[in-house]
Every structure is written in structure tokens, then in C-alpha cells.
Amino acid sequence: MRPFAKNDPWGEPPWRIDFVPPKRPAPRTADFAIVGAGFTGLAAAAWLRLLAPKKSVVVFEENHIGAGASGRTGGMVLTESAAGQLSGLGDVLAGLKKIHRKLKIECDLALPGAWEIARNDLAETSDNARPLRGPSPIHWRDSGDLHVVSQVRGGSLNPGKQVAGLARAATRLGAVILEHSKISEIRWSDSPELQFAGGSLRTGKVLLATNALSFEVSGLTHHAHAKLTLAVRTAPLGERELEAIGLKSRKSFYTADFPYLWGRLCPDDSIIWGAGLVDPPTSGDLEEVNVRKGRSAEILKKFRRRLRNLHPELAKTKITHEWGGPIAFQQNFHPILAYHPKSHDGVVLGVFAGHGVALSVYLGTWAAEILLGRRDLPHWGRLGRAGQLDF
Ligand SMILES: Cc1cc2nc3c(=O)[nH]c(=O)nc-3n(C[C@H](O)[C@H](O)[C@H](O)COP(=O)(O)OP(=O)(O)OC[C@H]3O[C@@H](n4cnc5c(N)ncnc54)[C@H](O)[C@@H]3O)c2cc1C
């Protein structure tokens with residue numbers, strides 16, 4: 001069992017990750033190397049071994065499994081990318097369920113649907129949204145009357161259990177996961193060589209699954225922005241309170257206009273809420289951000305006030321956890337699934353712009369199939385520009 005450290009500078013999320021990969025010596029060679037043990041890297045590792053059990057797979061993780069966004073995420077399951085439906089993407093929820101079944105992952109996946117909420121009835125809703133029939137169950141005071149405008153497929157899962165389930169499946173299928181093994185550089189020669197503190201590893205193909213960290217290694221410096229995004233958990237509410245605030249149906253929710261707000265219920269009727277982005281310091285290093293200090297602390301203070309003002313039933317609600325985690329965007333909000341800028345022996349997958357709980361696992365298995373030469377890269381996944389973000 002691995003809780004996050006009490007003094008973690010990014011705060012402590014409520015999830016527990018009940019799997020620790022067995023310690024192994026680092027091999028010198030492998031058919032496939034994966035950098036990053038979040039949802040993306042772990043799903044790809046398990047899928048590679050499932051499809052090609054004779055090929056060796058080594059996952060390098062700078063910290064511990066789930067230490068990045070995946071162990072800190074809100075756990076809201078969404079079907080579309082942050083840029084809407086992408087051509088040929090397929091049914092992400094059906095795909096996620098199939099992957100969970102094949103890899104024997106239990107993670108409290110519940111799919112009652114999600115609300116799109118807005119102050120303005122003309123707000124741009126998702127490509128697959130259905131307009132709400134009947135009156136809105138939600139009326140919150142938040143820069144206007146925040147109410148339900150449409151409904152989409154989706155729901156929630158327990159992120160700690162999804163991380164543990166993927167890592168357990170990858171290990172059971174024969175992948176080696178090396179924690180506390182940061183890749184500092186990749187030498188892109190005939191066969192890529194990954195450098196880490198204890199030595200180096202030569203490999204056939206590499207998957208870069210480092211999300212908002214290590215842009216120099218993943219080749220994303222000019223293609224994506226990294227920020228820290230914040231979340232809180234409020235204590236469990238009673239049925240009467242849930243009814244009063246409009247969440248009795250237990251649907252997840254997110255705003256279709258700004259200011260942004262998202263959230264979802266947990267099985268014990270506590271609520272995870274999220275909003276707010278923190279820029280990295282001038283060093284560009286997100287790992288220097290401390291959620292208890294400076295800009296993050298200010299944003300969290302305002303966020304607590306905002307939540308308690310949403311509805312009279314929330315005025316005295318207790319906040320049990322506050323934390324942040326890394327998030328990456330490119331200008332067009334598409335996820336990246338492309339060759340590394342320096343070599344076709346490297347594939348980069350990530351930059352889900354806050355829509356990665358389902359998509360990272362679903363596309364992690366695509367990436368495995370691409371590495372095995374069984375699938376082509378999608379046209380929407382190419383490297384774009386970091387560009388100006390208009391929020
Ligand atoms: C607070 C928060 C709430 C969110 N809520 C939602 C939500 O409700 N719904 C949703 O769909 N999405 C949400 N997201 C986004 C979603 O969590 C992410 O898109 C997803 O977890 C990304 O997974 P990943 O594996 O690509 O990246 P990560 O989980 O960040 O994994 C990257 C891993 O790479 C490792 N790493 C980095 N550099 C190196 C290196 N050089 N060598 C070795 N290892 C390295 C890191 O330590 C990390 O473990 C949220 C994100 C955050 C932060």
C-alpha cells in the first residue's frame with residue numbers, strides 16, 4: 001500500500017495505490033522501453049506484453065507509479081478529447097471497459113453520465129452532447145446561475161485503483177517496472193540508448209509517456225505547455241444535501257463556459273471538485289511548485305470560498321484534501337500521439353489537456369500497437385504548436 005507523503009509539495013490526494021512493483025536490477029537491453037509509469041505508460045506496457053509476450057518491456061519511472069497526474073487526477077471519466085470528438089477515435093468508454101476486462105482491472109468504474117453545466121445557454125457544448133430535457137437539477141451561484149445545459153456519456157473511477165490495476169497487470173504479464181529511475185537523456189542512434197543514474201539501456205523502440213514533465217526528453221519543449229492544476233475533496237454529504245444541490249443522480253459535471261469548474265461524487269458521497277491552473281516558476285520546473293505556498297495557496301483559498309458560496313447547503317462543508325498535479329496542453333487541445341521529433345524509433349503519447357483518465361489508457365494500448373507495427377499514427381495526434389492558450 002502506498003499513500004502519498006504527508007509533506008508532498010503537490011499536496012496529498014485521497015487515493016491509495018495498493019501495489020508496489022517488485023524491485024529488479026535494470027536490464028542492459030530491452031525490445032521496448034517506456035518512460036513514465038502513469039496511466040499511459042502502464043497501459044502501453046501491459047498491452048505490449050499481452051500482444052507480444054516474447055518481447056521484453058521495461059518501464060522507467062522517475063518517482064513511483066502514479067506519482068504524476070494519474071495518482072492525483074480527479075477520476076472523472078470522459079469520452080471525448082479536450083478538442084471534442086476526433087475522427088477515427090472510436091468509442092473510448094467501450095474501449096476502456098474492454099481493456100479493464102482483458103487486464104482484470106477493478107477500479108470502481110461507474111458510468112451514470114455527466115452533466116455539462118454553464119451560465120449561458122449558448123455555451124459551446126461537446127460534439128456528442130444531448131440537450132437537457134426538463135428543468136435543471138443544478139442551480140449554483142458562480143459568476144451567474146450555473147445550471148445544466150446538456151448531458152454526455154461518462155462517469156468516474158478510482159484513480160489509485162486504476163494505477164495499481166494497470167501496474168499489477170503489466171507486472172503479471174512480464175513487464176519490468178523500475179521506480180526511482182529517471183531518464184535524463186536518450187541518445188537517438190541506430191538503437192536508442194536511455195541514460196539513467198544507474199547506467200544505460202539499449203532498446204528497439206521507446207514510448208515517451210511523461211505528460212507535463214521532462215519535455216526535453218520527450219521532445220515537447222516547443223509543442224506543449226505544462227501547468228499545475230488544483231483539486232479538493234469535500235467530506236461526504238447526506239442524501240438531503242445531495243438532493244438540494246442537484247447531485248442526487250451522482251453524475252459528474254464540468255462547465256462548458258468559464259470560469260471553469262468540474263467535479264464528481266465518490267462512492268462514499270464525498271465530492272471531488274477542481275479548477276485553477278498554476279504556471280511553473282521561471283525555471284519552468286513544475287516540481288518546484290508547492291501547493292501550500294504562493295500563487296497555488298492563494299488560488300486554493302479563493303476556491304474554498306467559491307465552493308462554499310455555490311449553494312447554501314455547501315456553506316459549511318468541510319474540505320478534507322487539497323492537492324495539485326501536472327497537466328499539459330498544446331494550442332489546439334488535441335492529445336499528442338506522434339513520432340519523437342528526433343527519431344521514428346520514439347513515439348510520444350500524452351498532453352490530454354485534463355481529459356486523460358480514460359483517453360490515456362485507451363490510447364496507451366494504441367501506442368503499444370503502433371510500436372508493434374500493427375497500427376498507424378492518427379493524423380490528429382501530430383505535434384502542434386505550444387502557442388498562446390486563451391484562458
Ligand atoms: C488534479 C488533476 C485532476 C484531473 N482530473 C481529471 C479528470 O477528472 N478527468 C480526466 O479525464 N482527466 C483528468 N486529469 C488529467 C489526467 O489525470 C491525465 O491526463 C492523465 O493522468 C495523464 O496520464 P499520463 O500517464 O499521461 O501522465 P502522468 O500520470 O503524469 O505520468 C507521467 C509519469 O512520467 C514520469 N516521468 C516524468 N519524467 C520522467 C523521466 N524523465 N524519467 C522517468 N519517468 C518520468 C512521472 O513521474 C509520471 O509518473 C486531471 C489531472 C490532474 C493533475
Side-chain angles (χ1 to χ4, degrees), residues 4-13 35-38 40 60-64 66-74 82 180-186 195-197 208-232 258-260 262 274-306 322-336 338 340-342 346 348-356 383-391:
F4 284 79
K6 286 267 178 249
N7 57 356
D8 188 313
W10 287 349
E12 194 199 345
V35 190
T40 303
F60 291 90
E61 167 53 48
E62 164 173 4
N63 200 313
H64 61 78
S70 301
R72 301 170 186 277
T73 185
H180 309 290
S181 302
K182 177 176 181 164
I183 296 302
S184 52
E185 189 193 347
I186 302 180
Q195 309 292 320
F196 53 97
L208 285 306
T210 55
N211 186 25
L213 303 173
S214 300
F215 279 175
E216 270 176 38
V217 174
S218 65
L220 296 185
T221 309
H222 303 295
H223 303 284
H225 286 284
K227 292 180 188 283
L228 205 82
T229 188
L230 301 168
V232 307
F258 291 103
Y260 198 55
W262 59 265
L277 293 170
V278 186
D279 285 313
T282 42
S283 66
D285 192 352
L286 273 184
E287 279 151 319
E288 285 179 21
V289 178
N290 186 323
V291 297
R292 295 175 195 85
K293 295 183 186 162
R295 184 80 189 117
S296 314
E298 277 168 34
I299 295 176
L300 280 169
K301 188 172 167 195
K302 281 196 192 138
F303 192 37
R304 287 194 291 271
R305 205 177 314 135
R306 187 177 163 200
E322 296 185 338
W323 72 98
I327 187 168
F329 305 85
Q330 58 172 348
Q331 196 177 23
N332 63 8
F333 288 90
H334 282 201
I336 289 174
H340 191 283
K342 290 192 179 159
V348 187
L349 171 58
V351 185
F352 299 106
H355 284 231
L383 295 172
R385 284 184 303 126
Q388 211 37 49
L389 296 174
D390 48 1
F391 53 81

Partners passing side chain to side chain donor-acceptor pair (under 3.5 Å) against Glu298 (at least two apart in sequence or in another chain):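 Counting only residues at least two positions away or on another chain, Glu298 forms a side chain to side chain donor-acceptor pair (under 3.5 Å) with Arg295.
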
Counterpart residues, side chain to side chain donor-acceptor pair (under 3.5 Å), relative to Glu62 (two or more places apart):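 Glu62: no side chain to side chain donor-acceptor pair (under 3.5 Å) contacts found.
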
Under 3.5 Å: donor-acceptor pair, side chain of [X], backbone of [Y]:
{"X": "Trp10", "Y": "Leu286", "answer": "yes"}
{"X": "Arg292", "Y": "Ala297", "answer": "no"}
{"X": "Thr229", "Y": "Gly276", "answer": "yes"}

CD on Glu12 to CZ on Arg72, rounded to 0.5 Å: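 Spacing of CZ (Arg72) from CD (Glu12) equals 10.0 Å.
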
side-chain contact (heavy atoms from CB on, under 4.5 Å) assessment of Phe303 paired with Leu230: CA-CA 9 Å; Phe303 192 37; Leu230 301 168; 5.8 Å; no

Member of Asn211, Val351, Leu277, Leu228 meeting the side-chain contact (heavy atoms from CB on, under 4.5 Å) criterion with Ile327: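 Only one option passes, and that is Leu277.
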
Check [X] against [Y] and note the closest heavy-atom contact, atom names and distance.
{"X": "Ala226", "Y": "Pro280", "value": "O-CD, 3.3 Å"}
{"X": "Glu322", "Y": "Leu300", "value": "OE1-CD1, 3.9 Å"}
{"X": "His340", "Y": "Val348", "value": "CA-CG2, 3.8 Å"}
{"X": "Glu61", "Y": "Asn63", "value": "OE2-N, 2.8 Å"}

Criterion side-chain contact (heavy atoms from CB on, under 4.5 Å) on Val35 and Ser214, from CA distance to verdict: CA-CA 10 Å; Val35 190; Ser214 300; over 6 Å; no

Glu216 atom CD: more than 12 heavy-atom contacts under 6.0 Å: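 At most 12 heavy atoms, drawn from other residues, nucleotides or ligands, come within 6.0 Å of this atom.
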
Whether Phe329 and Phe333 hold their rings parallel, tilted or perpendicular, with breakpoints at 30° and 60°: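 Ring orientation of Phe329 relative to Phe333: perpendicular.
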
Val291 and Val278: CA distance, side-chain angles, deciding distance, side-chain contact (heavy atoms from CB on, under 4.5 Å) verdict: CA-CA 9 Å; Val291 297; Val278 186; over 6 Å; no

Residue list, ring-ring contact (aromatic ring centres under 6.0 Å, His included) with His64, at least two apart or on another chain: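 Applying ring-ring contact (aromatic ring centres under 6.0 Å, His included) to His64 gives Phe4.
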
side-chain contact (heavy atoms from CB on, under 4.5 Å) assessment of Thr210 paired with Ile183: CA-CA 10 Å; Thr210 55; Ile183 296 302; over 6 Å; no

